[in-house]
Amino acid sequence: MESRQNNGLLAGNDRQRESTEESGRISRLQLQTLIATACINFSSMICYSILGPFFPREAQKKGVSDFIVGMIFGCYALTTLVFSLILGRYIVQLGAKFMLVSGMFISGGCTILFGLLDRAPNGTIFILMCFLVRSLDAVGFAAATTASFSILAKAFPNNIATMLGGVEVFTGLGLVAGPPIGGFLYQTFGYEVPFFALGCLLLITVPLNMVILPHYDGVPSKESFWKLLTLPKVIFLCLVIFSIGSCLGFLDPTMSLFVREKFNLKSGYVGLVFLGLALSYSLSSPLLGILCDKFPKTRKWFLIFGSLLTPVCYFLLGPVPILHIKSQLWMFVFILVLIGFCTGMCGIPTFPELLNCVYENGFEEGLSTLGLVSGLFSAAWSLGTFVGPTLGGFLYERLHFEWAAAVQGGIALIAGAAMSIYYIVESHLKKRSLRDENCTDEEGTPLMQNRDDQSC
């Protein structure tokens, strides 16, 4: 009797979920999930982006070279890369909610600890402590982001692109708000206060998510990342994700130096230049997400055009000297706006395309598969955000910004061309298989008719 009642309740919940999805309304649990993931993206991106305006200068006072400063930034991406794959594999065993909440707690605590590093002795000890705290922070970030992607996809299976686009608004806002807030707090109160304030902001989200975030359980899967990487489409999509992260990461160590040198802008105005990219990405992401869910066939076209327009933007960003175009501030900002829009065109469709690909190839629909896909997505992105600044800083010193941006555009061009070729081949093979099926149907029809006639 109890089992029948439980089955009836489960069936009722399923029917209610289906009715809410069909009517387009968001249930209470979905709304709580959306609020939680939006808070995570906003607060974690603020804490991630506060270092840029003042940490390199403080590190130099401690006797740290520019190369080591770059490595301190880069170790964050490498650690995120490794632990995104590990945590994505074991998300069911650890629990998605526990992984998310514990990741936010670790990241918030490490942000506060980073604010105490100015008290560490100069030289080797300071450098080692920076690497240790920054790496632990990256572990927390990897746990939180991997879990949040999985939970969002679990809560919104039929409109993941729309919700992902909406959440990315808060990602952009966090990246926009981080540098000016961190710079203001640093100038007003000193080194420690920015990390204390924003670390506490991150810790406040921990009890909030413990209360409002629903539990999402799943069954462990036998699938692995290696099986994911045997799918050609997954490889090409990861290449696109890598190129996006690389293109955005390239701008971190190079763009501010170029703008100050080329246009003689003050530090405050340099931050405003960054707004062009971040705001265009934030504002375009929800619209692109809605279009990707309403018209799924547009996803590949967004990916193709976005991937091919991005290298054009980077060729014009300098612009590359062979074009003989004079660099002007208004054109530079306009190209950044286009880059933000192209980033949305490439980035928003990739996650739903990855999910569709793995489901079509026999992966089980559940939290375990979502964890694998989320971990792979975060890993590809992190690899790009490591290669972009590292390669960008190296090329900037030797080739200057114009040619360095062109080389970065070449990487994006390779990814866009590979993705375009894959979709062309995929479309050709689908048409060919449909043609073969039609031919077999036409050949089989007369035989069936002859048999029917003989039986009569």
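Numbers here are sequence positions counted from 1. Reckoned from all heavy atoms, side chains included, excluding hydrogens, waters and symmetry mates.
- More than 12 non-hydrogen atoms from other residues, nucleotides or ligands lie less than 6.0 angstrom from OH of Tyr359.
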Worked verdict on Asp137 versus Phe114 for side-chain contact (heavy atoms from CB on, under 4.5 Å): CA-CA 9 Å; Asp137 192 1; Phe114 210 90; over 6 Å; no
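- Without hydrogens or angle criteria, Gln30 side chain to Ala155 main chain gives a donor-acceptor distance under 3.5 Å.
- Between the Ser84 side chain and the Leu81 main chain, no donor and acceptor come within less than 3.5 Å of each other.
- In this structure, the ring pair (Phe, Tyr, Trp, His ring centres under 6.0 Å) partners of Tyr76, at least two apart in sequence or on a different chain, are Tyr48, Phe141.
- Of the possible donor and acceptor atoms, one in the side chain of Ser148 sits under 3.5 Å from a partner among the backbone N and O of Thr145.
- In this structure, the side chain of Thr146 does not engage the main chain of Gly375 through any donor-acceptor pair within 3.5 Å.
- Note: Phe258 and Phe263 have perpendicular aromatic rings, judged against thresholds of 30 and 60 degrees for the angle between ring planes.
- Both the sub-6.0 Å distance and the 45° axial angle are satisfied by Lys227 relative to the ring of Phe363.
- Under a cut-off of 6.0 angstrom, the local environment of CD in Glu426 is crowded, with over 12 non-hydrogen atoms contributed by other residues, nucleotides or ligands.
- When the shell of 6.0 Å around CZ of Phe295 is examined, it contains 12 or fewer heavy atoms from other residues, nucleotides or ligands.
- Put simply, the side chain of Thr310 never gets that close to the backbone of Ser307: no donor and acceptor are under 3.5 Å apart.
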task: Applying side-chain contact (heavy atoms from CB on, under 4.5 Å), run through Leu229 and Leu376 and close with a yes or a no.
output: CA-CA 9 Å; Leu229 294 175; Leu376 187 62; 4.1 Å; yes
Tabulate below the donor-acceptor pairs under 3.5 Å that side-chain atoms of residues 333-353 make, not counting sequence neighbours, or state none.
unit_1: Thr343; atom_1: OG1; unit_2: Ile339; atom_2: O; d: 2.7
unit_1: Thr350; atom_1: OG1; unit_2: Gly347; atom_2: O; d: 2.6
unit_1: Glu353; atom_1: OE1; unit_2: Lys233; atom_2: NZ; d: 3.1
unit_1: Glu353; atom_1: OE1; unit_2: Tyr423; atom_2: OH; d: 2.6

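- Within a 6.0 Å radius of CZ in Phe305, no more than 12 heavy atoms belonging to other residues, nucleotides or ligands are found.
- Ring geometry for Phe170 versus Phe42: interplanar angle over 60°, hence perpendicular rather than tilted (30 to 60°).
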Where do Leu413 and Tyr314 land on the side-chain contact (heavy atoms from CB on, under 4.5 Å) test, with the steps shown first? CA-CA 10 Å; Leu413 181 60; Tyr314 273 82; over 6 Å; no
